[in-house]
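Encoded as structure tokens, the structure appears first; notes follow it.
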Amino acid sequence: MAKTLYDKLWQSHVVREEADGTCLIYIDRHLVHEVTSPQAFEGLKLAGRQPWRKTSVVATADHNTPTNEWDKGIQDPISRLQVETLDANIKEFGALAYFPFKDQRQGIVHVVGPENGATLPGMTVVCGDSHTSTHGAFAALAHGIGTSEVEHVLATQTLVAKKSKSMLVRVDGQLGFGVTAKDVALAIIGKIGTAGGTGYAIEFGGDAIRSLSMEGRMTLCNMAIEGGARAGMVAVDDKTIDYLQGRPFSPNAEQWDAAVAYWRTLVSDEGAEFDTVVTLRAEEIEPQVTWGTSPEQVLGISGKVPNPAAESDPVKKGSYERALQYMGLTADTPLAQIAIDKVFIGSCTNSRIEDLRAAASVVKGKKKAASVKQVLIVPGSGLVKAQAEAEGLHQIFIEAGFEWREPGCSMCLAMNADRLSPGERCASTSNRNFEGRQGQGGRTHLVSPEMAAAAAIAGHFVDVRTFA
Amino acid sequence: MKPFTQLDGLVCAMDRANVDTDAIIPKQFLKSIKRSGFGPNLFDEWRYLDHGEPGMDNSQRPLNPDFELNLPRNQGAQVLLARDNFGCGSSREHAPWAIEDFGFRALIAPSFADIFFNNCFKNGLLPIVQPAAVVDQLFREAASEGYRLKIDLPAQTITTPSGEQFSFEITEHRKHCLLNGLDEIGLTLAHRDEIAAFEARRKAEQPWLFA
Ligand code: SF4
């Protein structure tokens, strides 16, 4: 019978299955960061257990680490303790690799894994972090888990899980100029809603997806969780294989051909059936801007802030009213008229080299608008930072009046010192526009790196397709 | 983990969709390396009028009198009635830790975010999915003060004060663990030989995964 990619990934990891469909799934790669792991290691210790396979673990510190003045260390004592706790736990329990604070390869866990070849096709990849869905770009079955599950994976190398339903999201056609993977992700969420993917594993397919780079596919799969899906994935093709060649943890020369031969099978078979199919036309996708406090509250840049009065569903109407109030927006305002205070280019969604190149191409030779208080450029990892500097991208940003920072999660969730003040409005390339996400009272608009860069120059949102 | 069997609990209704984990427990409290003590900061930004940071004496902070959790009628509530996509956002288990620590034992909504839903079961919390029409009805009924629901896990039923019953679904595995308050790791390790055999096979077939 024809199988979906998800069927293949699932079936190749089932250790055992109970009568009610509950399975034990074998876990190949366990990514670890400082926020969701301390209680798991503590649990392990209290029970006198050892990690089942420490070489499955790749760890880094990213959420609490500062993005400037590294010589001063981590100023916040509670943040520092959390990072030091990870240092101590890895020292005690071991790992395949650990990229601690200030390490040259340190960075956001979802950037670090793939760029080191620690995420490979056909793997199950878990992390105590919802954006683990990112790794599905490599035809891996990748999803976030809670801390109890982090402990469970450490202790047993397995996870208790039930198979999800399958959804194919097919984006046919060619994306227009200035329209990116981020816009595709937001457009999909706008279409299916933030709960649209609940209970599903999504495979992204179609010409527009195939034409995306690995970076773009990571951006897309990263946002699968914002559509409620357990996992997002893209089938293997030449781009997948080319990307992995020569990375530190990629298969060595002797194993390479066998690995590639297996990886080539990681596609949905012709005629495989999905529980749900959603289709979009690439040509219809505009650069997107969120206007509200949920990623589904999104529109193309030519749109206007919606009017709650026009909404008939009372729950939706209530959320719209609440969102407009929190965001300080008036119904029917054109999105292109919304002025911003800050810009954040970074996060596991959009902090890879391609994102920085795209932002730099918009910025080159221009200056930040005087009304914009701060523009943070936060590379996803030390390697991304080094690459960007080798290409001179940092000069373009600095000359524009932007701040070139050290890698980390930064203002994506504002756990370190980078944050919005109450009422500040931010064009952000991150993935969540929830209330308070980037700082209490802060107002987040999710956009692509190009759109964020253009907004930094203009002082308000602009259509990057006509921005010169 | 506390076992869950039956509950006759006061209902706190929270009439908003897409309640995310950043709202349930804001990030500054995630810096803790402990597993307990999150209850006072549950819904911190909605619940208090000032900005909360770890280590504050929460009993001295100004409360938002309009927030559901602060209403006198909701004190002691053990059942949280919610709307679609409750618990969306991050995987932070601090969210169910805070909800449990506050005193809730069960949640009812038309849908829950996947990771949050899983996390609840690891912490003695029972999240119950009900059709939107049932949830609407419960919201209407819960408008009257002192509204309680009986939740029976063995029978998989919710009973309203008027005696109306709704059934709910749960996998046998989860039911078994919740009823007995079981440590799942212990259960899994009973299959350690199967895991080891699977791993050995995998290593033979895809040695590059074990480099
Ligand atoms: S960049 Fe943001 S979304 Fe990504 S792992 Fe860090 S905090 Fe989470």
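These numbers come from a predicted model, not from an experiment. Within every chain, numbering begins at 1; the chains are lettered A, B, ... in the order of the sequence lines, protein sequences first and strands thereafter.
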Within this structure, what is the [atom1]-[atom2] distance for the pair [X] and [Y], rounded to the nearest 0.5 Å?
| X | Y | atom1 | atom2 | value |
| --- | --- | --- | --- | --- |
| A/I145 | B/K122 | CD1 | NZ | 9.5 Å |
| B/F121 | A/E149 | CZ | CD | 11.5 Å |
| A/D28 | B/Q206 | CG | CD | 7.5 Å |
| B/K27 | A/R419 | NZ | CZ | 7.5 Å |
| B/I33 | A/T85 | CD1 | OG1 | 4.0 Å |
| B/K31 | A/N64 | NZ | CG | 6.0 Å |

What part of [X] lies closer than 4.5 angstrom to a heavy atom of chain B: side chain, backbone, both or neither?
| X | result |
| --- | --- |
| A/V14 | backbone |
| A/K162 | side chain |
| A/S148 | both |
| A/E34 | neither |
| A/T156 | both |
| A/V315 | side chain |
| A/L120 | side chain |
| A/T158 | side chain |
| A/N431 | neither |
| A/W52 | side chain |

Practice item. Assess whether atom CD of A/Q11 is packed by more than 12 heavy atoms of other residues, nucleotides or ligands within 6.0 Å. Key: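 More than 12 heavy atoms, drawn from other residues, nucleotides or ligands, come within 6.0 Å of this atom.
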- Under 6.0 Å from the NZ atom of B/K175, do we count more than 12 heavy atoms belonging to anything else shown?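 For B/K175, atom NZ is crowded (more than 12 foreign heavy atoms under 6.0 Å).
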Polar side-chain atom of A/Q39 near backbone of B/S32 as donor-acceptor pair, under 3.5 Å: yes
At under 4.5 Å between heavy atoms, what parts of [range] are in contact with chain A? List them by residue number.
| range | answer |
| --- | --- |
| residues 11-25 of chain B | B/R16, B/A17, B/N18, B/D20, B/D22 |
| residues 135-144 of chain B | none |
| residues 182-199 of chain B | B/D183, B/E184, B/I185, B/G186, B/T188, B/L189, B/H191, B/R192, B/E194, B/I195, B/A196, B/F198, B/E199 |

Over all heavy atoms of both residues, which pair between [X] and [Y] is shortest? Give the atoms and the distance, please.
| X | Y | value |
| --- | --- | --- |
| B/S90 | A/S130 | CA-OG, 3.4 Å |
| A/T36 | B/S91 | CG2-OG, 4.5 Å |
| A/P251 | B/W208 | CB-CB, 3.6 Å |

Applying a strict 4.5 Å limit to non-hydrogen atoms, the region of B/F112 in contact with chain A is backbone
Heavy-atom distances under 4.5 Å only: say whether B/P26 touches chain A with side chain, backbone, both or neither.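 Neither part.
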Within the 4.5 Å heavy-atom criterion, are [X] and [Y] side-chain neighbours or not?
| X | Y | answer |
| --- | --- | --- |
| A/T147 | B/W97 | yes |
| A/R230 | B/N118 | yes |
| A/H143 | B/D114 | no |
| B/C88 | A/T194 | no |

Most heavy-atom pairs under 4.5 Å with chain A, out of B/R83, B/Q28, B/R202, belong to B/R202
Given B/P54, B/G55, B/G89, the one with more heavy-atom pairs under 4.5 angstrom with chain A than any other is B/G89
Relative to chain B, which of [options] shows the most heavy atom pairs under 4.5 Å?
| options | result |
| --- | --- |
| A/L24, A/L413, A/T132, A/D20 | A/D20 |
| A/P38, A/A47, A/P422, A/G146 | A/G146 |
| A/M123, A/R53, A/E151 | A/R53 |
| A/R322, A/R16, A/H131 | A/R16 |
| A/V150, A/N252, A/V160, A/T55 | A/V160 |
| A/S164, A/G197, A/S79 | A/S79 |

* **Side-chain H-bond candidate by donor/acceptor type, A/T22 with B/E172, under 3.5 Å** =>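 Distance-only check fails for A/T22 and B/E172.
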Under a 4.5 Å heavy-atom criterion, the part of residues 432-441 of chain A in contact with chain B comprises A/R432, A/F434, A/E435, A/G436, A/R437, A/Q438, A/G439, A/Q440
